[in-house]
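Working notes, beginning with the structure itself.
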Amino acid sequence: MWIYEKKLQYPVKIKNPNPKLAQIIISQIGGPDGEIGASMRYLHQRYSCPYDKVTGILTDVGTEELAHIEMVSAIIHQLTRNLTSDEIEGTPFATYFVDHTTGVYPVAASGVPFDMKYVGVKGDILTDLNEDLAAEQKARTTYDNILRLTDDPDVRDPIKFLREREIVHYQRFGEGLRIAQDNLNSKNFYACNPSFDKNMPKR
Amino acid sequence: MVNNNRSYRSARCAASPARPSGGNTLKKLQAIDLALIETALYLDAYPDNKAAFAYHGKLLEEREKLAAALAKDGKPLTHHTKLSQDTWQWVKAPWPWEFEANM
């Protein structure tokens, strides 16, 4: 189960509101490669994981991604403080504002709400880990794009932290993949699905 | 792509961040918790690594002191934190996502 710790994983301290930037960054909450998708993906994949070490990695990275949802939400919350209607009217943020005011609602920058269709849980650990490697790279690219769109150091700082974490997670899933392969027939990794097929060595 | 030693070293680097965290207890706690999660992720893959395990223990000791200091200051981290006053401090502002909580 989860305990909530009343702190952010890394500080978010944004002095200057900027709703146009918020409307872009919100993709890392509700977008196809955002943190909600990441946490749902890893936390759900772990139920069919046949190897303890990999289950540990999926649980721990999935939990960290929940903390990242909170960090990006903090960024959005602080970017949309004390707004005047001038700062909203005629900007892309206006279409978000009309439905959500300055609440934090998980959508992509395109306005499409978060969708579990972005998440793959295939019940085959090799497949799932390959999905995870790709997911971390897609998240990293999205953070790269956000960094291309702002030079506010208060925003860049937590974004760079989150981007680094994606790269670290990629390494961890790479190790998970190697651990899974070490447990399988080196002549044919795909001979069977260890989560399903009988008479497969588990753990 | 996969390199055992580098991942362990990154955990140790996280404990000594390049940017000083200043005198702020919360920032120090955030730094040490980052080192802790890095070490935990490493140990997930290498649970028998004695050096990493010992390092994790050392970090936990440091962490307890920082968490206790925050608790004494009326800032409980979880429902399991012993409270420093006769009042449910858990619901006291500011909340972690607010600017004021990150100063």
Side-chain angles (χ1 to χ4, degrees), chain A residues 2-17 46 51-61 63-64 67 69-79 81-82 104 133 137 154 157-158 160-161 164-165 167-182, chain B residues 1-11 13-14 17-19 21-22 24-31 33-34 36-49 63 66-67 70-71 74-81 89-103:
Chain A
W2 281 270
I3 304 284
Y4 176 70
E5 273 205 328
K6 201 175 171 192
K7 71 175 185 11
L8 292 185
Q9 185 184 29
Y10 184 90
V12 172
K13 207 167 57 194
I14 300 174
K15 292 187 286 293
N16 302 317
R46 65 200 178 117
Y51 309 119
D52 288 338
K53 293 174 188 171
V54 184
T55 307
I57 295 170
L58 288 168
T59 298
D60 295 342
V61 176
T63 301
E64 190 184 342
I69 299 171
E70 189 184 39
M71 269 185 68
V72 185
S73 303
I75 293 173
I76 303 302
H77 173 78
Q78 291 185 25
L79 283 173
R81 290 178 304 153
N82 305 324
V104 179
L133 291 167
Q137 287 296 331
D154 293 346
D157 189 42
K160 282 196 277 188
F161 171 81
E164 273 169 28
R165 297 308 298 156
I167 295 171
V168 169
H169 291 166
Y170 179 77
Q171 294 298 117
R172 298 289 85 80
F173 288 128
E175 282 169 350
L177 185 57
R178 183 182 47 74
I179 288 166
Q181 289 166 345
D182 285 350
Chain B
M1 170 175 86
V2 171
N3 182 320
N4 309 354
N5 293 325
R6 204 175 290 147
S7 52
Y8 176 36
R9 262 190 277 141
S10 85
C13 287
R19 285 184 328 133
S21 52
N24 190 306
T25 313
L26 175 61
K27 287 212 188 108
K28 287 191 182 140
L29 181 67
Q30 286 167 326
D33 276 350
L34 180 61
L36 269 166
I37 197 188
E38 287 283 64
T39 314
L41 285 173
Y42 178 83
L43 284 163
D44 282 346
Y46 307 103
D48 300 320
N49 184 310
R63 204 240 183 214
L66 291 167
L70 280 174
K75 298 182 164 86
L77 278 174
T78 71
H79 288 175
H80 302 162
T81 308
Q89 296 160 322
W90 178 253
V91 294
K92 252 180 47 178
W95 291 87
W97 50 88
E98 295 173 325
F99 182 88
E100 296 74 24
N102 292 276
M103 305 217 285

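Throughout, a chain's letter reflects where its sequence line sits, starting with A, and its residues are numbered from 1. For the numbers below, each heavy atom of this structure counts, side chains included, while hydrogens, waters and symmetry mates do not.
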Val54(A) portion near chain B, given a 4.5 angstrom heavy-atom threshold: neither

Take Glu100(B) and Lys13(A) through the test salt bridge (Lys or Arg N to Asp or Glu O under 4.0 Å) and record every step on the way to the result. CA-CA 8 Å; Glu100(B) 296 74 24; Lys13(A) 207 167 57 194; over 6 Å; no

Going through the checks in order, is the side-chain contact (heavy atoms from CB on, under 4.5 Å) test met by Leu34(B) and Gln9(A)? CA-CA 8 Å; Leu34(B) 180 61; Gln9(A) 185 184 29; 4.2 Å; yes

Flag the pair Glu38(B) and Arg165(A) as a salt bridge only when some basic side-chain nitrogen lies within less than 4.0 angstrom of an acidic carboxylate oxygen. yes

Straight-line distance of Leu77(B) CG to Tyr4(A) OH, nearest 0.5 Å: 10.0 Å

So for Ala45(B), is it side chain, backbone, both, or neither that comes closer than 4.5 Å to the heavy atoms of chain A? both

Checking side-chain contact (heavy atoms from CB on, under 4.5 Å) for the pair Glu175(A)/Tyr46(B): CA distance, chi angles, key distance, verdict? CA-CA 10 Å; Glu175(A) 282 169 350; Tyr46(B) 307 103; 3.6 Å; yes

Whatever's closer than 4.5 Å to a heavy atom in chain B on Leu8(A) counts as both

When every non-hydrogen atom of Leu41(B) is compared with those of Ile57(A), the smallest separation belongs to CD2-O, 4.5 Å

Cationic N near anionic O, under 4.0 Å, Lys75(B) to Glu5(A): no

Under 4.0 Å between a Lys/Arg side-chain N and an Asp/Glu carboxylate O for Asp44(B) and Arg172(A)? no

Counting heavy-atom pairs closer than 4.5 Å to chain A, which one of Leu43(B), Leu29(B), Thr78(B) comes out on top? Thr78(B)

Please classify the contact between Leu26(B) and chain A as side chain, backbone, both or neither, with a heavy-atom cut-off of under 4.5 Å. side chain

Do you know which two heavy atoms are closest between Asp60(A) and Ile37(B), and how far apart they sit? O-CD1, 4.4 Å

Would you find a donor on one side and an acceptor on the other, under 3.5 Å apart, between the side chain of Glu70(A) and the backbone of Trp97(B)? no

Determine, step by step, whether Phe99(B) and His77(A) satisfy the side-chain contact (heavy atoms from CB on, under 4.5 Å) criterion, reporting the C-alpha distance in whole Å, the side-chain angles of both residues, the deciding distance to 0.1 Å, and the verdict. CA-CA 9 Å; Phe99(B) 182 88; His77(A) 173 78; over 6 Å; no

Bottom line for Gln78(A): the part with an atom under 4.5 Å from chain B's heavy atoms is side chain

Write down the atom of Lys92(B), the atom of Lys6(A), and the distance for their closest heavy-atom approach. O-NZ, 2.7 Å

Does any heavy atom of chain B fall under 4.5 Å from the side chain of Phe173(A), the backbone, both, or neither of them? neither

What's the verdict on side-chain contact (heavy atoms from CB on, under 4.5 Å) for Asp33(B) and Lys7(A), showing C-alpha distance, side-chain angles and the deciding distance? CA-CA 11 Å; Asp33(B) 276 350; Lys7(A) 71 175 185 11; 2.8 Å; yes

